[in-house]
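The structure presented is a predicted model; accordingly, all values stated were derived computationally and were not measured.
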Amino acid sequence: MSSILDKINNKDLINDEVIATDLLVTAKAAVRSYAVAITETASPEIHKILKKQLDETIQLHHEVATYMIEQEMYHAYDVDEQVSHDLEKAKLALDMPSS
């Protein structure tokens with residue numbers, strides 16, 4: 001039986017696509033959080049800071065999405081291809097041994 005550390009070090013589990021996907025999802029969540037925070041503040045100073053952080057996070061999301069599209073990790077413009085890609089990754093996940 002393999003240990004958790006062996007699974008973490010397994011290149012099939014942690015690779016550029018997994019890292020980029022996590023970063024993309026995190027950036028998307030941050031965009032939502034900043035947008036909500038902006039609507040909840042009455043302070044012009046805080047509003048300005050949050051707007052700057054929102055703009056930077058939108059840019060990060062764009063850069064990560066562009067990288068993933070260029071590396072054929074994300075098929076934003078071809079739904080059928082993205083679904084096929086997602087199904088392939090889901091099958092890999094289901095075939096992984098449980099801890």
Side-chain angles (χ1 to χ4, degrees):
M1 186 166 153
S2 63
S3 71
I4 298 291
L5 187 56
D6 290 337
K7 289 181 183 180
I8 291 172
N9 290 330
N10 186 333
K11 289 182 182 180
D12 293 333
L13 298 177
I14 304 293
N15 58 33
D16 289 348
E17 184 172 0
V18 170
I19 295 166
T21 300
D22 186 57
L23 185 56
L24 187 70
V25 169
T26 300
K28 185 178 286 193
V31 167
R32 286 188 197 110
S33 295
Y34 283 127
V36 169
I38 287 169
T39 66
E40 297 295 325
T41 186
S43 164
E45 295 84 15
I46 293 175
H47 184 275
K48 184 177 178 180
I49 291 167
L50 291 172
K51 174 75 167 66
K52 181 178 184 289
Q53 291 174 330
L54 173 62
D55 290 341
E56 290 171 357
T57 306
I58 290 169
Q59 182 60 33
L60 172 65
H61 183 276
H62 171 72
E63 290 172 11
V64 174
T66 300
Y67 168 80
M68 292 181 72
I69 290 167
E70 290 172 352
Q71 300 300 311
E72 298 184 2
M73 298 173 181
Y74 180 46
H75 308 278
Y77 303 107
D78 187 339
V79 174
D80 291 335
E81 183 64 30
Q82 186 61 47
V83 168
S84 175
H85 183 79
D86 290 346
L87 287 172
E88 180 182 317
K89 297 301 176 188
K91 287 177 187 173
L92 284 172
L94 289 172
D95 289 341
M96 288 180 186
S98 61
S99 51

- [ ] Mind checking side-chain contact (heavy atoms from CB on, under 4.5 Å) for Ile58 and listing every partner two or more places apart, or none if nothing turns up?
- [x] Val31, Leu54
Task: Shared hydrophobic cluster for Leu23 and Val18 (ILVMFWY, side-chain gaps under 4.5 Å) - done: no
- [ ] Please answer: with hydrophobic residues joined when any side-chain heavy atoms are less than 4.5 Å apart, are Val64 and Ile69 in the same cluster?
- [x]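 Same cluster: Val64 reaches Ile69 through Ile, Leu, Val, Met, Phe, Trp or Tyr contacts under 4.5 Å.
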Open item on the list: Strictly by ring-ring contact (aromatic ring centres under 6.0 Å, His included), give each pair with a member in residues 55-92 just once, sequence neighbours left out.
Closed with: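 For residues 55-92, and leaving out neighbouring residues, the ring-ring contact (aromatic ring centres under 6.0 Å, His included) pairs sorted by first residue read His75-His85.
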How close do [X] and [Y] get, counting heavy atoms only, and between which atoms?
X: Ala30; Y: Thr57; value: CB-CG2, 3.6 Å
X: Ala76; Y: Gln82; value: N-OE1, 4.5 Å
X: Leu60; Y: Ala27; value: CD2-CB, 4.2 Å

TODO: Give every residue pair that meets the salt bridge (Lys or Arg N to Asp or Glu O under 4.0 Å) criterion with at least one member in residues 47-68, sequence neighbours excluded.
DONE: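 Those involving residues 47-68 are Lys51-Asp55, Lys52-Glu56.
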Task: Pairs involving residues 77-90, ordered by first then second residue, that meet salt bridge (Lys or Arg N to Asp or Glu O under 4.0 Å) (sequence neighbours left out) - done: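 Found Glu17-Lys89.
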Taking distance alone, no hydrogens or angles, what donor-acceptor pairs closer than 3.5 Å link side-chain atoms of residues 34-42 to residues at least two apart or in another chain?
from	atom 1	to	atom 2	distance (Å)
Thr39	OG1	Val36	O	2.7
Thr41	OG1	Ser43	N	3.3

TODO: Mind running side chain to side chain contact (heavy atoms under 4.5 Å, CB included) on Asp16 and Gln71 for me, showing each step along the way?
DONE: CA-CA 10 Å; Asp16 289 348; Gln71 300 300 311; over 6 Å; no
Task: Nonpolar side-chain network containing Val83, other nodes, edges under 4.5 Å - done: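 Besides Val83, the cluster holds Val79, Leu87.
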